[in-house]
Amino acid sequence: MGAIEQARVTVIGLGQMGGTLADAFLAAGHRVTVWNRSADKATPFVARGARAAESVAEAVRDGDLVLVVLPDYEVAQRILDPVAAELAGKTVVQLTSGTPEQARTAGNWAHRHGISYLDGAAMSGTTLVGRPEALFIFGGAAATFAAHRNVLRALGNPVHLGDDPGLAGLYDTALFGLIWGALSGFYHGTALARADGVDARSFAEVAAEHLSFIAYLLREHAGQIDDGSYPAEDGTLDVHAAAMDHLIDTSRQFGVETAVPELFATLIQRGRRAGLGSEGIASIVRPILSGAVEQRQGTPL
């Protein structure tokens, strides 16, 4: 195995996520400088091989790749504005949570000051950071991402979404919706199983095996949504309405709260009232969107 290509990385912000990222870069053999508003937070990282900067200006001078992991964009901008000159020619990777427009504004600010910019999001929490399955998504110039991809691999699996820095915030928010929906379904299913004497671990083993089918449906239904055509092979809204009634009735029989399936049942009924009862289940996206895509892009659903 060849020698590790050591990079000069600065991490600004040593909260739970920032600290985890700093440790991942250290573990990968990179030269890491850290800075935090509460200086004492840097002490354990120094013990593990990082260098603590006494000021933001010193921190950014010490790194070629500067990761910013702060509570919000306003805080980040207040910290970065005074050191714009020191950041010129370097790359800022913003991993602060916010909206797509905030990311685009930050990207424009960076461009005006000669700073390369990537906006990113950690999609696997802190537990998996440093492992290949930890997903990190990035928006920003493809050339900038390509230049730093190998260094970013220290964090996990870096995925480039496109040149628009706002894409990371968009995907971040949308994927949170996905995971919350999936976990809500899992929690409801687990409650139903436990109500009939099945332990959660046993249910989870089978549920995890079922995820490969769900992943198939995501890709299959995405094509249907983009094409605006909803075949009935995976069941129509009418068919799924009957299935949801069965799930709700069974849950009630076991004394299990029905808020989760009732939400989906409500969306199905909205679709049926819109005349979509004989369309495939993916057509449920139409009442969810309520015309937003047609108005913006002119594309039929």
Who are the salt bridge (Lys or Arg N to Asp or Glu O under 4.0 Å) partners of [X], not counting sequence neighbours?
X: Arg48; answer: Asp23
X: Glu101; answer: Arg104
X: Glu86; answer: Arg61
X: Arg31; answer: Asp62

Rest of the hydrophobic cluster containing [X] (Ile/Leu/Val/Met/Phe/Trp/Tyr, side-chain heavy atoms under 4.5 Å)?
X: Val239; answer: none
X: Leu211; answer: Ile214
X: Leu217; answer: Phe213, Tyr216

task = Taking atom CZ of Arg153 as the centre, report whether more than 12 heavy atoms of other residues, nucleotides or ligands fall under 6.0 Å from it.
result = yes
Between side-chain atoms of residues 11-20 and protein atoms elsewhere (two or more places apart, or another chain), which donor-acceptor pairs fall under 3.5 Å?
residue	atom	partner	partner atom	Å
Thr20	OG1	Gln16	O	2.7

key: Any donor-acceptor N/O pair, His160 side chain to Gly140 backbone, under 3.5 Å   = yes
ask   = Do Thr250 side-chain atoms and Leu247 backbone N/O form a donor-acceptor pair below 3.5 Å?
value = no
Without placing hydrogens or testing angles, list every side-chain donor-acceptor pair under 3.5 Å for residues 66-73, not counting sequence neighbours.
residue	atom	partner	partner atom	Å
Asp72	OD1	Glu74	N	3.1
Asp72	OD1	Val75	N	2.8
Tyr73	OH	Thr96	O	3.4
Tyr73	OH	Asp119	OD1	3.0
Tyr73	OH	Asp119	OD2	2.7

note = Applied to residues 254-265, the side chain to side chain donor-acceptor pair (under 3.5 Å) test, sequence neighbours excluded, yields Arg252-Glu262, Thr258-Glu262
query = What residues, two or more places apart in sequence or in another chain, satisfy side chain to side chain contact (heavy atoms under 4.5 Å, CB included) together with Ala141?
reply = Thr144
request  = Just grab all the ring-ring contact (aromatic ring centres under 6.0 Å, His included) pairs involving residues 106-136, residues at least two apart or on different chains.
outcome  = Trp109-His113
